[in-house]
Undergrad: 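Submitted below is the structure of interest, expressed as structure tokens.
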Amino acid sequence: MAMAYLAWRLARRSCPSSLQVTSFPVVQLHMNRTAMRASQKDFENSMNQVKLLKKDPGNEVKLKLYALYKQATEGPCNMPKPGVFDLINKAKWDAWNALGSLPKEAARQNYVDLVSSLSPSLESSSQVEPGTDRKSTGFETLVVTSEDGITKIMFNRPKKKNAINTEMYHEIMRALKAASKDDSIITVLTGNGDYYSSGNDLTNFTDIPPGGVEEKAKNNAVLLREFVGCFIDFPKPLIAVVNGPAVGISVTLLGLFDAVYASDRVSQLLESKRSGKQREMRAFESSFSVASHKQATFHTPFSHLGQSPEGCSSYTFPKIMSPAKATEMLIFGKKLTAGEACAQGLVTEVFPDSTFQKEVWTRLKAFAKLPPNALRISKEVIRKREREKLHAVNAEECNVLQGRWLSDECTNAVVNFLSRKSKL
Ligand SMILES: CCCCCCCCCC/C=C\CC(=O)SCCNC(=O)CCNC(=O)[C@H](O)C(C)(C)COP(=O)(O)OP(=O)(O)OC[C@H]1O[C@@H](n2cnc3c(N)ncnc32)[C@H](O)[C@@H]1OP(=O)(O)O
């Protein structure tokens, strides 16, 4: 299996990009019905369609496409037979040689037929113009797209600072489950608008079911545990592109990500603020086209809200940043800038704001070209010895929170926010 994969990767490298696929039994069906009517234009269109295939059609098909392409463009196999240990080139040679003296026009037709037989896998991509994202529908609170081996899950409640309401919790779980099974290599979470996320939507606490607040707290604890569990168990590299302030659960979850990237705008802005350079700060702020853009800060104000840590942060944060630094954040609600969060290990790297998106996405695209199985296996090796512990921590945190949600401290904090008496 692994060898077949390696063969395929190498074959891709040694072929024109358009013929990254190929042959077989399926094709045999088409070989004899050759009407020799496929034009050069049809052939070129098919080569372009192959590039849009979203599902890997399998090594055999890829080899067949390779062979037909060679036959259509160069005629019968004219290469010396590779050595028995040169597995990849031997597989390609065999496929091409097996076409014997099939005329170029017939090979071209068969190539076109084969590509058209792969149409189910083309349908999803053909809905999208080349070069644009494949967008998943069926989400109200997210925009989920897939391109270049990256599934991007974007929080999409910008007017509410991407606060995570109950629907969004469910949709994030659904999107993560889909991403774990789709053909993407890595998964990215980011936010639309000026915030990454303002954390739990405090109105989640207002919809009390007939069973009363105890039932509500219990249900929320069950759901929260399931939600955090999706992050603990997510099998592919999971990366946060933190585009603005992050609050509460959107911060604590970062300890379960594989990499966290943020822009340096925070540090520059705060530095100006700290040094009292007001004019410089105003100039700095106005230099951004989106005037409402906010600093990317990291804030977990649990005590202020009468709550306690979640997202496994009671375990991951002391490990990541030292117990004392974690205490300042999780217990005393100290807000960190991106630079500070990076110095403490919560953020992987901070980029200059002017080039943040460009640099991050260039890097992510390069990551997405790495061998997917190696990425998953390496992640599993790292996560394996922690998984059980993380699930236990998650269960305990949810249990404690269930009690906190019933406390006066929490009720008062939520009421104060909702009645506009308080803000972070
Ligand atoms: C399936 C599972 C369901 C389980 C449900 C329970 C699970 C609980 C999980 C964990 C519990 C807690 C963890 C946390 O996340 S704690 C952190 C909670 N977040 C906050 O306390 C932030 C509150 N928001 C603010 O302080 C401010 O809004 C802000 C983020 C500092 C931004 O200030 P701003 O002046 O720039 O913008 P503002 O006008 O306030 O906001 C614009 C509108 O967005 C609304 N909004 C923002 N954040 C939230 C939020 N977290 N919850 C609800 N609504 C929010 C705000 O009310 C404005 O709305 P409107 O325009 O007035 O209608």
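Read the numbers this way: they start at 1 and go in the same order the structure lists the ligands and their atoms. We number each residue from 1, following the sequence as shown. What you see below is based on every heavy atom in this structure, not just the backbone, and it leaves out hydrogens, waters and symmetry mates.
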Undergrad: Below 4.0 Å, non-hydrogen atoms only: which portion of Ala163 touches ligand 1? Side chain, backbone, both or neither.
TA: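 Within the 4.0 Å criterion, Ala163 contacts ligand 1 through side-chain atoms alone.
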Undergrad: Hey, does Leu202 come in under 3.5 Å of ligand 1, counting only N/O atoms on both sides?
TA: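 Min N/O separation from ligand 1 is below 3.5 Å for Leu202.
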Undergrad: May I ask whether Phe417 places a heavy atom under 4.0 Å from ligand 1?
TA: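 Contact check Phe417 vs ligand 1: positive.
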Undergrad: With a 4.5 Å heavy-atom cut-off, do Thr362 and Glu359 have their side chains touching?
TA: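 Thr362 does not reach Glu359 side chain to side chain.
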Undergrad: Using a 4.0 Å heavy-atom threshold (strictly under), name the region of Glu310 that reaches ligand 1: side chain, backbone, both or neither.
TA: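 Near ligand 1, Glu310 shows its side chain, while the N, CA, C and O stay back.
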Undergrad: Does Lys159 have a non-hydrogen atom less than 4.0 Å from ligand 1?
TA: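 Heavy atoms of Lys159 do come under 4.0 Å of ligand 1.
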Undergrad: Look only at interatomic distance and state if Asn200 has a nitrogen or oxygen under 3.5 Å from any nitrogen or oxygen of ligand 1.
TA: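 Between Asn200 and ligand 1 (N or O atoms, distance only) the closest approach is under 3.5 Å.
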Undergrad: I need the atoms of ligand 1 closer than 4.0 Å to a non-hydrogen atom of Tyr195, numbered in the order shown.
TA: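 Matching atoms, with element in brackets: 29 (C), 30 (C), 31 (C), 32 (C).
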Undergrad: Kindly confirm or rule out an N or O of Lys160 lying under 3.5 angstrom from an N or O of ligand 1.
TA: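 Yes, at least one N or O pair falls under 3.5 Å.
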Undergrad: Is a donor on one side and an acceptor on the other found under 3.5 Å between the side chain of Arg376 and the backbone of Pro235?
TA: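 Absent.
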Undergrad: Show which atoms of ligand 1 fall inside a sub-4.0 Å distance from at least one heavy-atom site of Gly199.
TA: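 Listed by number with element, the hits are 15 (O).
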Undergrad: Measure the shortest side-chain to side-chain distance between Val228 and Leu253 over non-hydrogen atoms and say whether it is less than 4.5 angstrom.
TA: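 The answer is yes, as the side chains (C-beta and beyond) meet within the 4.5 Å cut-off.
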Undergrad: How does Thr300 reach ligand 1, if at all, at less than 4.0 Å between non-hydrogen atoms: by side chain, backbone, both, or neither?
TA: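 None of Thr300 does.
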Undergrad: Report the member of Leu401, Asn162, Leu223, Asn219 with the shortest heavy-atom distance to atom 2 (C) of ligand 1.
TA: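 Comparing heavy atoms across Leu401, Asn162, Leu223, Asn219, the nearest one to atom 2 (C) of ligand 1 lies in Leu223.
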Undergrad: Number the atoms of ligand 1 from 1 as they appear, then name those within less than 4.0 Å of a heavy atom of Asn220, with their elements.
TA: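 So the answer, numbered in order with elements, is 4 (C), 5 (C), 6 (C).
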Undergrad: I need the contact type for Phe302 against ligand 1. Using non-hydrogen atoms and a strict under-4.0 Å cut-off, is it side chain, backbone, both or neither?
TA: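 For Phe302, the contact with ligand 1 is made by the side chain alone.
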Undergrad: In terms of the angle between their ring planes, are Phe351 and Tyr261 parallel, tilted or perpendicular, with boundaries placed at 30° and 60°?
TA: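 Geometry flag for Tyr261 against Phe351: perpendicular rings.
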Undergrad: Which atom pairs, donor and acceptor, lie under 3.5 Å between side-chain atoms of residues 301-310 and protein residues at least two apart or in another chain?
TA:
unit_1	atom_1	unit_2	atom_2	d
Ser303	OG	Ile331	O	2.6
Gln307	OE1	Trp405	NE1	3.2
Glu310	OE1	Thr252	OG1	2.5

Undergrad: Run the numbers for me: atoms of ligand 1, each under 4.0 Å from some heavy atom of Leu224, listed by number.
TA: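 Counting atoms of ligand 1 from 1, those under 4.0 Å from Leu224 are 9 (C).
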Undergrad: Is it true that Lys365 and Glu147 make a salt bridge, defined as a side-chain N closer than 4.0 Å to a carboxylate O?
TA: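 No, this pair does not count.
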Undergrad: Give yes or no for whether the N/O distance cutoff of 3.5 Å, strictly under, is met between Gln307 and ligand 1.
TA: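 So ligand 1 has no N or O lying under 3.5 Å from an N or O of Gln307.
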Undergrad: With atoms numbered from 1 as shown, which atoms in ligand 1 lie under 4.0 angstrom from a non-hydrogen atom of Ser198?
TA: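 Those qualifying, in numeric order: 18 (C), 19 (N), 20 (C), 22 (C), 30 (C), 47 (C), 48 (N), 49 (C), 50 (C), 51 (N).
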Undergrad: Counting heavy atoms not belonging to Glu215, are there more than 12 under 6.0 Å from its CD?
TA: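 More than 12 heavy atoms, drawn from other residues, nucleotides or ligands, come within 6.0 Å of this atom.
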Undergrad: Evaluate whether atom CZ of Arg157 has more than 12 neighbouring non-hydrogen atoms of other residues, nucleotides or ligands under 6.0 angstrom away.
TA: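 Above 12, so yes.
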Undergrad: Checking side chain to side chain contact (heavy atoms under 4.5 Å, CB included) between Thr151 and each of Thr145, Asp182, Leu176, which is the one that passes?
TA: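 Of Thr145, Asp182, Leu176, side chain to side chain contact (heavy atoms under 4.5 Å, CB included) with Thr151 is met by Asp182 alone.
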Undergrad: Would you check if there is a donor-acceptor pair between the side chains of Asn204 and Asn200 at a distance under 3.5 Å?
TA: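 Yes, side-chain donor-acceptor contact under 3.5 Å.
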Undergrad: Is it possible for you to check whether Lys70 lies under 6.0 Å from the centre of the six-membered ring of Trp93, through NZ or CZ, and within 45° of that ring's axis?
TA: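 Geometry flag: not set, cation outside 6.0 Å or 45°.
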Undergrad: Closer than 4.0 Å to some heavy atom of Leu305 - which atoms of ligand 1 meet that?
TA: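 Contacts of ligand 1 toward Leu305, numbered from 1: 16 (S), 17 (C), 18 (C), 21 (O).
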